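Take a look at the structure below.
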Amino acid sequence: MAWLTGFVIACNGLRRRVGLNSLKRLIMGEIEQMQVVDRPLGRAERFFWLFDQASTMSFSFYALLEGELNIENLQLALNRLQQEQAMLRVQVRIDDNKAYFKAVSAETIPVQVLKTDVEQWREKILDQVAIPFAADTYPLIKCFYMPMKGRSLVFLICHHAIIDGLSVSGLMQRLLKLATNPVLLNEPIEKRANPRALDELLPTDYQGVKGRLRSLVHRSSEMREWYRYGSPKHVSVFEQSAKGRCQPKCVFFKISVTETSALLAACKAKGFSLQSVLIVAQLYSLNSLENKAHWEPMAISSAVDLRTQLIETIPADEVGLYISFILTALKFQENDDFWGIVEKAHVQLKSNLSRDAALAFWQNLPPEFLFGQTDKGAKRLLSISGILSPASSIISNLGPISYDGLSNAKVLESSFNLCPSTLTSLCTAVTTVNDELSIGLNYDGQKMKDKNVAVIADIMRILLLQAINT
């Protein structure tokens, strides 16, 4: 790859003479010589691509920084990521009534500069999340930069068909590292294999007809758990029938470094995962809002990283779709012991993971021939998904995110936002940055009122702090 090193060095030398636009064209010429994605969408990719046409599934990932970035270096860093990651250079096209990823030779992904009041930056992100991707759009990811009086914000808007939350967190870490250390742009680009669909990477027992049969057995066991307490219910303030374009909103709160450390220590002492505690805190909060004498059964889906269970090693910074979901259903009452409920959630999570329920999730999607690739097919998929899926909310915990190696920059906060589908009341985003637990309750403003979600967030925060000392 010495030729590429020389090329990048030459590009750096040319920056002052040829300008940024010319440099982009030079870089894109080299992109054409790198790995190319040309394959049908996998089951998970196709689900998100088609579902997005009926109910927006795009999401953001952001980093709030102390200080401002050099916009030219940020653009060059983004160009470099396009060279490294083939999935950042794809478009979905229809050929013979089948959806394919096709590589695109086009302009680089531009860094779009926005201006706003310092206090309104969250709203700016959510405004962009609300804008749907067209079915055949390119690129399937957007990048924005906002300078804000001593601070700055970088955020990505992503189509879920090409990337998941864990992948985009790694993408953001590398983007900022490159942007604040331009000398790294001179390093040779590692040659990677073309990204394969998740279907092809599942263990053999979960592929083909055998995989579908095994997955159906798992789904049967899961359904018995889902309905053991009766049919899970949405919180009554969730207006599932609301129509129109998504209005993404978020109530966000943090738990301090000291409190986060104490909460993790309490989980370890009890022998339970943080995810189990988050599940119970959220379900308790939803039930508390109902103010009923007898609480209804409720359910939460947890996002699961599949990369360690696949037949090939996936680089930690690889852009792709490698997540799945498992569902936890619980019924309890206001006076039940908190940690006793956490134990039930922990047992369910552990049981589902041990029997590979997450590997079976995508195999249980309805078959492709039922939908086609049209808007009508997207609406049909949405309708069938509503029938097959129990009422639930989602908690996606990305765990600790580290921004080591940045030069003259510090990340103050980093998390993600998405608009829940018409099937989901809340999508709770959880990250740990600078040893602080950050929790964002994402919801559709058409379907839930701000004041109700604020109460849910307050109760959830109180429960997490109380858990430290009980």
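Since this is a predicted model, take the numbers as computed values, not measurements.
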Is it the case that the side chain of Thr260 and the backbone of Leu437 share a donor-acceptor pair, with hydrogens and angles ignored and the cut-off at 3.5 Å? yes
Quick one: are Leu349 and Ser302 in side-chain contact, heavy atoms under 4.5 Å? yes
Would a distance-only check, ignoring hydrogens and angles, find a side-chain to backbone donor-acceptor pair under 3.5 Å from Ser167 to Glu318? yes
Lys379, NZ: over 12 other non-hydrogen atoms inside 6.0 angstrom: no
Any side-chain heavy-atom pair from Leu381 and Gln53 closer than 4.5 angstrom? no
Between Ser425 and Pro420, what is the shortest heavy-atom contact and its length? O-CG, 4.0 Å
Residues 51-71 vs ring-ring contact (aromatic ring centres under 6.0 Å, His included), sequence neighbours excluded, gives Phe47-Phe51, Phe59-His160, Tyr62-Trp121
Report yes if the side chains of Ile163 and Met87 come closer than 4.5 Å at any heavy-atom pair, otherwise no. no
For the aromatic rings, using the six-membered ring if either is Trp, is the centroid distance between Trp362 and Phe48 under 6.0 Å? yes
Yes or no on side chain to side chain contact (heavy atoms under 4.5 Å, CB included) for Arg39 and Glu45, after CA distance, side-chain angles and deciding distance? CA-CA 12 Å; Arg39 61 167 174 80; Glu45 294 161 337; 2.9 Å; yes
Using 0.5 Å steps for rounding, measure from the CG atom of Leu81 to the CD1 atom of Ile109. 8.5 Å
Donor-acceptor pair, Asn434 side chain versus Val411 backbone, under 3.5 Å? yes
So CZ of Arg80 and CG of Leu184: to nearest 0.5 Å the spacing works out to 8.0 Å
Closest heavy-atom pair, Gly440 versus Cys250, reported as atoms and distance to 0.1 Å, is CA-SG, 3.8 Å
So which pairs with a foot in residues 134-161 pass salt bridge (charged side-chain N to carboxylate O under 4.0 Å, His left out), sequence neighbours left out? none
Within the side chain of Asn397, is there an N or O that forms a donor-acceptor pair under 3.5 Å with the backbone of Gly399? yes
Sidechain-backbone polar pair: Ser285 side chain, Ala281 backbone, donor-acceptor under 3.5 Å: yes
So do Ile125 and Leu153 actually touch side chain to side chain, heavy atoms under 4.5 Å? yes
CD1 of Ile255 to CD1 of Ile439, rounded to nearest 0.5 Å, is 5.0 Å
Got a donor-acceptor contact below 3.5 angstrom from the Gln309 side chain to the Leu306 backbone? no
Quick check: does any side chain N or O of Asp52 sit under 3.5 Å from a backbone N or O of Met57, one acting as donor and the other as acceptor? yes
Atom pair CZ (Phe361) and CD1 (Ile323), whose distance is rounded to the nearest 0.5 Å: 9.0 Å
Is a donor on one side and an acceptor on the other found under 3.5 Å between the side chain of Ser324 and the backbone of Val304? no
I want to check something: taking the side chain as every heavy atom from C-beta on, are Asn408 and Thr180 in contact at a cut-off of under 4.5 Å? no
Report yes or no: does Gln75 contribute a side-chain atom to a donor-acceptor pair with the main-chain N or O of Val111 at less than 3.5 Å? yes
Side chain to side chain contact (heavy atoms under 4.5 Å, CB included) between Val129 and Thr56, intermediate numbers included: CA-CA 8 Å; Val129 172; Thr56 302; 5.5 Å; no
Between CG of Asn181 and CG of Leu406, what distance do you get to the nearest 0.5 Å? 7.5 Å
Less than 4.5 Å apart, any side-chain heavy atom of Ile459 and any of Val455? yes
For atom NZ of Lys177, is the number of surrounding heavy atoms from other residues, nucleotides or ligands below 6.0 Å larger than 12? no
How far does CZ of Arg307 sit from CG of Leu201, to the nearest 0.5 angstrom? 12.0 Å
Thr428 and Gln282: side chain donor to acceptor below 3.5 Å: yes
Which residue pairs pass the disulfide bond (SG atoms under 2.5 Å apart) test when at least one of the two sits in residues 114-187, sequence neighbours left out? none
Main-chain N/O of Ser169 paired with Gln173 side-chain donor or acceptor, under 3.5 Å: yes
Within-4.5 Å side-chain heavy-atom neighbours: Leu283 and Val280: no
